[in-house]
Amino acid sequence: MTHDHAPQAASLPPKLALVLGGGGLKGFAHIGVLQAFEERGIRPTVVAGTSIGSLIAAAYVGGMPVREMVRHAKALKKGDLFRINHLGMVSKRMLSPSLYLARPLQHLIEEICPPGTFRDLPRRLLVNTVDLESASQVLFGLPGLQHVNVREAVYASCALPGFFPPAQIDGRTCADGGIADNVPALAASHGMDAVVAVDVGSTNIARARRIGQKGFAAIYVRSAQIMMKSLQAQQLANWSGPPLLLVRPAVWHFNWFSFGHVERIIQLGYESAIDAFDRVGTSLLLGGVWPRRMVEVRVDRAKCTGCTLCATLAPKQMAMDQDGKAQVLHSPVEWSRAEGDFVNQCPTGAIKVETMVDGERRPTMEMPILEDAAD
């Protein structure tokens with residue numbers, strides 16, 4: 001893997017939280033982000049993660065070199081992670097806790113994550129899970145939750161319901177934290193000067209064709225992805241924490257469980273982090289979500305059906321004119337990557353956004369079509 005950027009010292013606030021979101025194997029982009037952190041000499045105070053983000057966060061805090069993470073990622077095969085729970089499916093049928101066995105995932109975690117409890121770690125690690133019985137978010141590593149085993153917490157965070165059985169930790173039945181908060185930026189922000197949040201699986205998702213023909217597992221994962229996207233958009237739109245740098249690798253067109261694109265996914269993570277660092281400058285001293293860009297928003301009146309959804313979702317940006325068509329109230333406008341979600345909600349694609357660069361309009365990248373996954 002070759003990098004064109006020379007290492008630079010990053011001008012970020014000293015107390016920094018790094019948050020790595022969930023997203024299946026698209027989370028290998030986090031390894032590229034960590035490469036960029038090392039090149040820029042950035043050492044976060046707190047590292048938090050959900051699902052695969054918790055796996056990589058734990059390995060990083062535990063001292064695993066990035067090059068070793070790359071080796072593990074490239075060596076991972078489908079059979080190393082997914083083994084159907086035949087006995088459970090036959091003997092328990094609908095009462096079986098999962099489609100796949102827990103042991104392969106546990107073995108992977110044992111190879112990568114440090115042993116011991118959160119108290120044994122050299123730096124604060126937060127692992128995001130959900131207690132299925134109380135319907136509450138549980139971040140292991142917070143005060144009062146540091147006595148548990150790191151590997152058990154990471155397994156729970158990776159245990160996507162239905163795919164892997166939940167974990168029993170301290171009397172709690174815990175599963176994938178993405179159910180409630182796929183990128184737990186706010187939860188990790190307490191006492192921090194700034195947050196770097198890496199979203200690989202929820203803010204930006206590709207269109208999926210023929211999803212109804214791909215089986216219940218694909219339908220379930222797609223449904224979970226949509227839920228995570230909605231929850232994440234709400235949190236970012238109402239961000240009330242310290243300055244946030246949102247890193248969003250361009251991995252939305254990859255399947256959650258694509259094993260054949262590891263090197264490219266890592267590279268995209270690296271490139272997205274470098275781009276975010278280059279764009280943010282000193283903005284993380286100002287508050288809000290960064291980086292930001294000027295965009296031109298317009299409506300294709302021929303496509304607009306007057307459904308009013310855009311005006312309802314974004315009343316400060318959109319309204320309905322006297323002909324019952326959508327109209328833009330403010331344009332150009334400065335947006336972060338967390339804004340403009342209402343554009344993708346338009347049922348006819350009538351709202352268009354163009355990025356303003358040096359006074360010129362450039363079309364934004366259209367959402368790609370997600371074809372059958374290539375493993």
Side-chain angles (χ1 to χ4, degrees), residues 17-37 44 47-60 66 69-70 72-74 76 81 112 126-128 154 157-158 160 163 176-185 188 195-208 221-222 224-233 235-236 244-277 289 291 336-338 341 344 365 367-368 370 373-375:
L18 171 62
V19 182
L20 307 179
L25 299 188
K26 294 190 290 185
F28 286 145
H30 295 319
I31 299 173
V33 172
L34 293 176
Q35 287 177 322
F37 264 64
V47 186
T50 297
S51 196
I52 191 171
S54 74
L55 179 69
I56 294 173
Y60 177 61
V66 172
M69 295 184 199
V70 173
H72 277 285
K74 289 182 176 179
L76 186 65
L81 188 58
I112 293 174
L126 302 179
V127 171
N128 186 36
V154 170
S157 187
C158 293
L160 183 65
F163 280 68
D176 191 333
I179 300 169
D181 190 355
N182 199 41
V183 187
V195 177
V196 177
V198 187
D199 186 351
V200 298
S202 58
T203 299
N204 222 358
I205 62 176
R207 295 188 181 95
V221 168
R222 182 65 177 180
Q225 197 175 16
I226 294 168
M227 176 190 69
M228 292 174 186
K229 176 182 182 295
S230 178
L231 292 171
Q232 196 62 39
Q235 181 185 119
L236 293 174
L244 175 84
L245 179 63
L246 180 60
V247 179
R248 195 166 62 190
V251 295
W252 51 79
H253 54 293
F254 292 108
N255 186 280
W256 268 26
F257 303 117
S258 291
F259 288 81
H261 308 281
V262 171
E263 190 165 0
R264 179 57 181 157
I265 289 173
I266 294 173
Q267 179 67 24
L268 288 169
Y270 172 84
E271 292 172 359
S272 66
I274 290 295
D275 177 70
F277 292 151
V289 180
S336 74
R337 289 169 176 164
D341 184 64
N344 295 323
M365 182 180 295
M367 279 296 110
L370 185 63
D375 291 337

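Both backbone and side-chain heavy atoms feed into the values below; hydrogens, waters and symmetry mates do not.
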**OP:** With side-chain contact (heavy atoms from CB on, under 4.5 Å) as the test, would you mind laying out the steps for F28 and M69 before giving the verdict?
**Re:** CA-CA 9 Å; F28 286 145; M69 295 184 199; over 6 Å; no

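- V195 places none of its side-chain heavy atoms less than 4.5 Å from the side chain of L245.
- Of the inter-residue distances, the one linking I274 atom CD1 with Q35 atom CD reads 9.5 Å to the nearest 0.5 angstrom.
- Put simply, CG on L160 and CH2 on W256 are 6.0 Å apart, with the number rounded to the nearest 0.5 Å.
- Residues L126 and V19 fail the side-chain proximity criterion, which asks for heavy atoms closer than 4.5 Å.
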**OP:** Given side-chain contact (heavy atoms from CB on, under 4.5 Å), test T50 with L20 step by step and report yes or no.
**Re:** CA-CA 7 Å; T50 297; L20 307 179; over 6 Å; no

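- Of all the heavy atoms in P249 and D199, the pair that sits closest is CD-O, 3.5 Å.
- Remark: side-chain polar atoms of S54 are not paired, donor with acceptor, to backbone N or O of G49 under 3.5 angstrom.
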Original post:
After noting the C-alpha distance and the side-chain angles of Q267 and E263, does the key distance pass the side-chain hydrogen bond (donor to acceptor under 3.5 Å, both in side chains) rule?
Top reply: CA-CA 6 Å; Q267 179 67 24; E263 190 165 0; over 6 Å; no

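- Residues S272 and G269 come closest through the heavy atom pair OG-O, 2.8 Å.
- Taking 4.5 Å as the limit, every side-chain heavy atom of V262 sits out of range of all side-chain heavy atoms of L25.
- Rounded to the nearest 0.5 angstrom, L268 CG and K26 NZ are separated by 11.5 Å.
- Residues P44 and L18 come closest through the heavy atom pair CB-CB, 3.9 Å.
- The line from CD1 of I31 to NE2 of H72 is 10.0 Å long, rounded to the nearest 0.5 Å.
- S336 places none of its side-chain heavy atoms less than 4.5 Å from the side chain of P291.
- Taking CG of N182 as the reference point, atom CG of N128 lies at 8.5 Å (rounded to 0.5 Å).
- Taking the six-membered ring wherever Trp is involved, the centroid distance between the rings of F277 and F37 falls below 6.0 Å.
- The backbone N or O of V251 sits nowhere less than 3.5 Å from a side-chain atom of H261 that would complete a donor-acceptor pair.
- At least one side-chain heavy atom of V247 sits less than 4.5 Å from a side-chain heavy atom of V196.
- Taking all atoms of both residues into account, the shortest heavy-atom contact from V200 to G22 is CG2-O, 3.6 Å.
- Between atom CG of residue L81 and atom CZ of residue F259 there is a gap of 5.0 Å, rounded to the nearest 0.5 Å.
- Taking each heavy atom of A48 and A188 in turn, the nearest pair found is CB-CB, 3.9 Å.
- Contact detail for G23 and I52: the closest heavy-atom pair is N-CG2, 4.1 Å.
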Subject >> side-chain contact (heavy atoms from CB on, under 4.5 Å) assessment of R264 paired with F254 >> reply: CA-CA 10 Å; R264 179 57 181 157; F254 292 108; 4.1 Å; yes

